[in-house]
Amino acid sequence: MALRSNPTLRQRRLGAELRRMREQAGLGGSQLARALGINPAHVTQMESGRTGISVERLRTVAALCMCVNEPLIEALAEIITDRGKGVWWEEYRGALSDDFLEVAEVEGYARRLSTYTMAFIPGLLQTNAYAGAVFDRSLTPLPHREVEQRTAFRMRRQEIVRSGATPYSAYVHEAALRMQFSGPAIQAEQLHSLIEDSERPTISIRVVPFDVDALPLNYENFTYAEGPIPELDTVQTDSSVGNVLFDAPAHLARFRSLLARLESAAISEGDSRGFIQSIKKDMESKYA
């Protein structure tokens with residue numbers, strides 16, 4: 001079987017879970033290879049997502065590793081049988097960096113999404129004009145055509161939450177509501193859109209005001225994507241060098257704790273709607 005030169009995020013996650021399963025059983029790669037009757041290099045390739053694995057072999061590996069977590073095994077089997085054909089973000093492969101595609105992939109397979117943003121409105125809720133202004137202010141100036149392409153990609157990502165297909169909770173810091181990327185008019189339009197989105201039954205928007213006690217956050221923006229089972233949750237954070245993904249149990253537990261803190265710190269959905277409305281009026285007064 002030919003090796004994949006660029007395995008998808010889900011293929012790599014499947015491999016990571018196989019490796020985690022083996023390590024929890026205290027087996028080395030060579031030991032598992034001997035038990036399976038394959039070359040040790042094949043185990044390495046499976047665990048890196050560079051080669052596929054059948055559902056039958058998955059169950060054999062689980063048995064050899066004494067894994068009795070049937071929900072996990074079934075969820076991994078679903079990844080194997082889902083070939084991922086027809087996913088919309090593949091249309092952009094080669095045109096945008098893998099970072100963009102992986103964000104869409106995380107969101108596209110999530111059962112529920114939660115975000116926290118401090119510097120800007122969450123990407124899944126940005127207007128076209130606001131998103132374009134954000135990309136236009138990239139540290140490295142981008143050609144106009146690339147700004148348009150990135151903006152169109154972001155608008156396409158929004159379909160999963162705007163359609164109601166994926167429940168979405170957004171925790172937005174007051175700083176993001178007041179930060180202007182292209183003047184008060186675009187910000188006011190963005191805040192108006194945020195208010196409309198907050199009235200959708202599957203979208204929850206809650207504000208974290210300035211006067212809330214400091215939260216223990218090392219990341220200004222992150223997305224928590226719930227998988228079919230908690231073990232397959234994923235966290236995506238923004239950094240100056242691109243996206244960073246977390247899926248280790250300890251990391252997931254830490255971000256679940258952060259979400260619980262946000263749940264306690266943020267004001268209610270109704271109060272948040274009124275809070276956003278007041279800032280919107282302030283923005284409108286600047287260009288009236």
Side-chain angles (χ1 to χ4, degrees), residues 6-14 16-17 49 75-76 78-79 82-128 130-132 134-135 149-172 176 190 193-194 197-198 200-206 219-239 242-248 251-252 255-256 258-259 262:
N6 189 23
T8 67
L9 181 63
R10 282 189 23 117
Q11 289 164 347
R12 298 201 308 271
R13 182 61 182 276
L14 171 62
E17 293 301 323
L76 295 178
E78 183 179 338
I79 293 177
D82 176 13
R83 302 302 179 185
K85 293 182 179 179
V87 290
W88 68 266
W89 53 86
E90 286 297 330
E91 301 169 16
Y92 289 81
R93 191 167 295 280
L96 294 175
S97 72
D98 288 350
D99 274 359
F100 285 88
L101 275 59
E102 288 183 354
V103 169
E105 188 174 352
V106 167
E107 295 167 347
Y109 286 105
R111 303 298 171 91
R112 182 180 185 89
L113 291 163
S114 299
T115 61
Y116 172 66
T117 57
M118 194 174 205
F120 46 76
I121 303 301
L124 291 174
L125 300 175
Q126 292 178 5
T127 63
N128 190 84
Y130 182 96
V134 170
F135 286 127
Q149 188 175 51
R150 292 186 181 196
T151 302
F153 186 81
R154 180 160 291 180
M155 296 301 103
R156 188 83 180 270
R157 282 173 45 211
Q158 295 178 356
E159 293 176 9
I160 58 170
V161 296
R162 290 258 167 79
S163 67
T166 304
Y168 180 51
S169 297
Y171 297 95
V172 186
Q190 172 63 76
S193 177
L194 208 59
D197 282 332
S198 73
R200 297 175 187 267
T202 56
I203 295 179
S204 169
I205 299 174
R206 296 178 59 190
Y219 299 95
E220 294 181 353
N221 314 291
F222 71 86
T223 297
Y224 193 100
E226 296 182 24
I229 57 173
E231 292 93 329
L232 293 182
D233 291 353
T234 303
V235 174
Q236 177 260 324
T237 68
D238 297 321
S239 79
N243 299 314
V244 181
L245 300 171
F246 298 94
D247 56 37
H251 287 136
L252 295 177
F255 279 96
R256 289 186 193 115
L258 292 178
L259 282 174
L262 286 166

CA sep, side-chain torsions, deciding dist, call: Val161, Thr202, side-chain contact (heavy atoms from CB on, under 4.5 Å): CA-CA 8 Å; Val161 296; Thr202 56; over 6 Å; no
Check ion pair Glu91-Arg156 (N to O, under 4.0 angstrom): yes
Counterpart residues, side chain to side chain donor-acceptor pair (under 3.5 Å), relative to Glu226 (two or more places apart): none
Nearest-0.5 Å distance, CZ of residue Phe222 to OG1 of residue Thr117: 10.0 Å
Extract all donor-acceptor atom pairs below 3.5 Å that involve side chains of residues 227-234 and protein atoms in other chains or at least two apart in sequence.
unit_1 : atom_1 : unit_2 : atom_2 : d
Glu231 : OE2    : Asn69  : ND2    : 2.8
Asp233 : OD1    : Gly227 : N      : 2.8
Asp233 : OD2    : Tyr224 : OH     : 2.7
Asp233 : OD2    : Arg256 : NH2    : 3.3
Thr234 : OG1    : Arg13  : NH1    : 2.8

Side-chain donor/acceptor of Gln11 to backbone N/O of Thr8, under 3.5 Å: yes
By side chain to side chain donor-acceptor pair (under 3.5 Å) - contacts of Ser193 (at least two apart): none
Test side-chain contact (heavy atoms from CB on, under 4.5 Å) applied to Arg150 - qualifying residues, sequence neighbours left out: Leu96, Phe100, Phe135, Leu142, Glu146
Spacing of CD1 belonging to Ile203 relative to OG1 belonging to Thr166, to within rounding of 0.5 Å: 10.5 Å
Pairwise distance CG(Leu245) to CZ(Arg12) - rounded to 0.5 angstrom: 7.5 Å
side-chain contact (heavy atoms from CB on, under 4.5 Å) partners of Ala104, counting only residues at least two apart: Trp88, Trp89, Phe153, Arg157
Thr223 OG1 to Leu124 CG distance, which is reported to the nearest 0.5 Å: 7.0 Å
Distance-only donor-acceptor check, side chains Gln126 and Asn128, under 3.5 Å: no
Rounded distance (nearest 0.5 Å) linking atom CG of Leu262 with atom CZ of Arg206: 9.0 Å
Closest heavy-atom pair and its distance - Ala165, Pro167: O-CD, 4.0 Å
Which residues share a ring pair (Phe, Tyr, Trp, His ring centres under 6.0 Å) with Phe120, sequence neighbours left out: none
Set of residues satisfying side chain to side chain donor-acceptor pair (under 3.5 Å) with respect to Ser198, sequence neighbours excluded: Arg273
4.5 Å side-chain heavy-atom contact, Ile79 and Tyr109: no
Any residue meeting salt bridge (charged side-chain N to carboxylate O under 4.0 Å, His left out) with Arg200, in chain and number order, not counting sequence neighbours: Asp197
Residues which pass side-chain contact (heavy atoms from CB on, under 4.5 Å) with Ala248, listed by chain and number, not counting sequence neighbours: Arg20, His251
Pairs touching residues 110-127 that satisfy salt bridge (Lys or Arg N to Asp or Glu O under 4.0 Å), sequence neighbours left out: Glu78-Arg111
Partners passing ring pair (Phe, Tyr, Trp, His ring centres under 6.0 Å) against Tyr168 (at least two apart in sequence or in another chain): none
Heavy-atom side-chain proximity of Arg10 to Asp82 below 4.5 angstrom: yes
Straight-line distance of Thr115 OG1 to Glu107 CD, nearest 0.5 Å: 9.0 Å
Contact summary for Gly108 and Ile160, nearest pair of heavy atoms: N-CD1, 4.4 Å
Beyond-backbone contact of Asp238 with Asn243, side-chain heavy atoms, under 4.5 angstrom: yes
For Ala225, side-chain contact (heavy atoms from CB on, under 4.5 Å) partners two or more places apart: Val106, Ala110, Leu113
Non-hydrogen atoms of Leu259 and Ser114 that approach each other most closely: CD2-CB, 4.0 Å
Gly123 versus Gln158, closest heavy-atom pair with distance: O-NE2, 2.9 Å
Side-chain donor/acceptor of Gln190 to backbone N/O of Leu125, under 3.5 Å: yes
